[in-house]
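Notes follow once the structure below has been shown.
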Amino acid sequence: DSGVTQTPKHLITATGQRVTLRCSPRSGDLSVYWYQQSLDQGLQFLIQYYNGEERAKGNILERFSAQQFPDLHSELNLSSLELGDSALYFCASSPGTGLSTDTQYFGPGTRLTVL
Amino acid sequence: AQKITQTQPGMFVQEKEAVTLDCTYDTSDPSYGLFWYKQPSSGEMIFLIYQGSYDQQNATEGRYSLNFQKARKSANLVISASQLGDSAMYFCAMREGRDSGAGSYQLTFGKGTKLSVIP
């Protein structure tokens with residue numbers, strides 16, 4: 001158990017809908033990262049938050065957005081869903097201390113299926 | 001160009017034998033970190049081992065060791081005494097950039113190697 005929690009574990013929805021994925025980082029970690037894993041694209045970085053502020057954006061679609069709350073949990077919002085958004089979405093957290101060994105620990109993932 | 005290349009889509013190893021999973025990387029940044037993660041069929045991503053670009057010695061964590069050859073830009077994972085539970089996907093990942101505190105340290109992943117341990 002990495003200490004990172006994600007809910008829900010599975011999500012099945014229809015095209016055009018909107019969903020919210022939730023992540024709670026490990027105790028003490030300030031950085032939260034979101035990744036998408038799909039068969040064709042592999043594992044791709046979406047977005048990072050540090051202590052409530054957006055720090056970096058990767059290959060995140062405009063239909064997707066995220067935020068990190070004062071209690072450091074994070075939510076990833078996916079809207080106008082398309083079939084191609086079906087994937088495993090991971091949240092990872094790290095201390096964000098700036099030390100060279102700042103390691104990201106991953107949550108169990110949320111498997112999204114868009115029908 | 002691919003930043004992380006894992007050339008072995010799949011590998012087989014006999015139980016109790018050692019196996020090496022290949023990873024080459026591409027970066028012009030002098031400061032970077034290399035990570036290996038394991039993803040069992042259940043789906044979670046498990047951190048295995050880390051190697052920093054300035055580390056003088058190869059990293060080791062239990063049965064896992066990292067064969068770091070900086071000049072060749074390779075960071076191969078060696079698993080000793082393979083066990084049935086080692087059957088999984090293994091991903092090599094890189095983080096670029098000097099640590100400056102709360103910076104952006106997203107990981108770039110390779111496509112992975114599927115390891116199957118044969119009894």
Side-chain angles (χ1 to χ4, degrees), chain A residues 1-6 9-10 23 26 29-60 68 72 87-112, chain B residues 2-7 9 23 29-57 59-61 64 66 68 88-114:
Chain A
D1 185 351
S2 67
V4 179
T5 61
Q6 288 188 248
K9 193 167 176 59
H10 300 278
C23 167
R26 296 186 318 157
D29 284 358
L30 300 179
S31 271
V32 168
Y33 301 78
W34 287 97
Y35 293 86
Q36 179 195 60
Q37 186 179 31
S38 62
L39 282 174
D40 52 345
Q41 298 291 329
L43 266 158
Q44 290 203 91
F45 166 72
L46 295 178
I47 195 165
Q48 178 208 357
Y49 279 82
Y50 174 80
N51 203 20
E53 293 187 2
E54 182 184 302
R55 185 65 63 176
K57 269 187 173 181
N59 299 319
I60 188 167
Q68 187 179 27
L72 300 178
L88 186 54
Y89 290 85
F90 284 109
C91 167
S93 75
S94 74
T97 59
L99 297 175
S100 61
T101 55
D102 196 69
T103 296
Q104 293 179 32
Y105 291 89
F106 282 69
T110 293
R111 185 168 295 281
L112 174 67
Chain B
Q2 293 257 1
K3 287 199 169 187
I4 297 286
T5 302
Q6 294 181 254
T7 57
C23 172
D29 200 314
S31 177
Y32 52 90
L34 297 157
F35 300 79
W36 279 90
Y37 288 85
K38 171 185 178 182
Q39 186 176 37
S41 58
S42 51
E44 72 268 33
M45 293 287 286
I46 302 167
F47 166 70
L48 296 178
I49 196 167
Y50 162 82
Q51 180 85 43
S53 59
Y54 295 114
D55 292 345
Q56 295 297 311
Q57 293 192 326
T60 60
E61 287 286 348
Y64 304 107
L66 206 152
F68 181 47
M89 283 290 290
Y90 288 81
F91 292 93
C92 180
M94 178 172 63
R95 183 198 67 219
E96 296 173 279
R98 176 170 291 283
D99 296 305
S100 57
S104 172
Y105 301 125
Q106 67 264 35
L107 297 174
T108 302
F109 285 86
K111 294 192 180 301
T113 294
K114 184 173 182 179

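The analysis underlying the following values was restricted to heavy atoms, covering all of them including side chains, and did not include hydrogens, waters or symmetry mates.
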Any idea which of A:Arg111, A:Gln41, A:Gln37 has the most non-hydrogen atom pairs under 4.5 angstrom with chain B?
-> A:Gln37
Given B:Phe109 and A:Phe45, is the ring pair (Phe, Tyr, Trp, His ring centres under 6.0 Å) satisfied, shown in steps?
-> CA-CA 9 Å; B:Phe109 285 86; A:Phe45 166 72; over 10 Å; no
Nearest heavy-atom pair of B:Gln106 and A:Ala56: which atoms, and what distance?
-> OE1-CB, 4.1 Å
Nearest heavy-atom pair of B:Met45 and A:Phe90: which atoms, and what distance?
-> CG-CZ, 3.6 Å
Could you grab the distance from atom CD of A:Gln48 to atom CG of B:Leu107, nearest 0.5 Å is fine?
-> 10.0 Å
Taking all atoms of both residues into account, what is the closest heavy-atom pair of A:Asp102 and B:Phe35, and its distance?
-> O-CZ, 4.1 Å
Ring pair (Phe, Tyr, Trp, His ring centres under 6.0 Å) against A:Tyr49, all qualifying residues, sequence neighbours excluded | none
Rounded distance (nearest 0.5 Å) linking atom CG of A:Leu43 with atom CD1 of B:Ile4 | 12.0 Å
Residues in side-chain contact (heavy atoms from CB on, under 4.5 Å) with A:Asn51, at least two apart?
-> A:Leu30, A:Leu72
Centres of the B:Phe47 and A:Phe106 rings: under 6.0 Å?
-> no
Smallest separation among heavy atoms of B:Gln39 and A:Leu88, with atom names = NE2-CD2, 3.9 Å
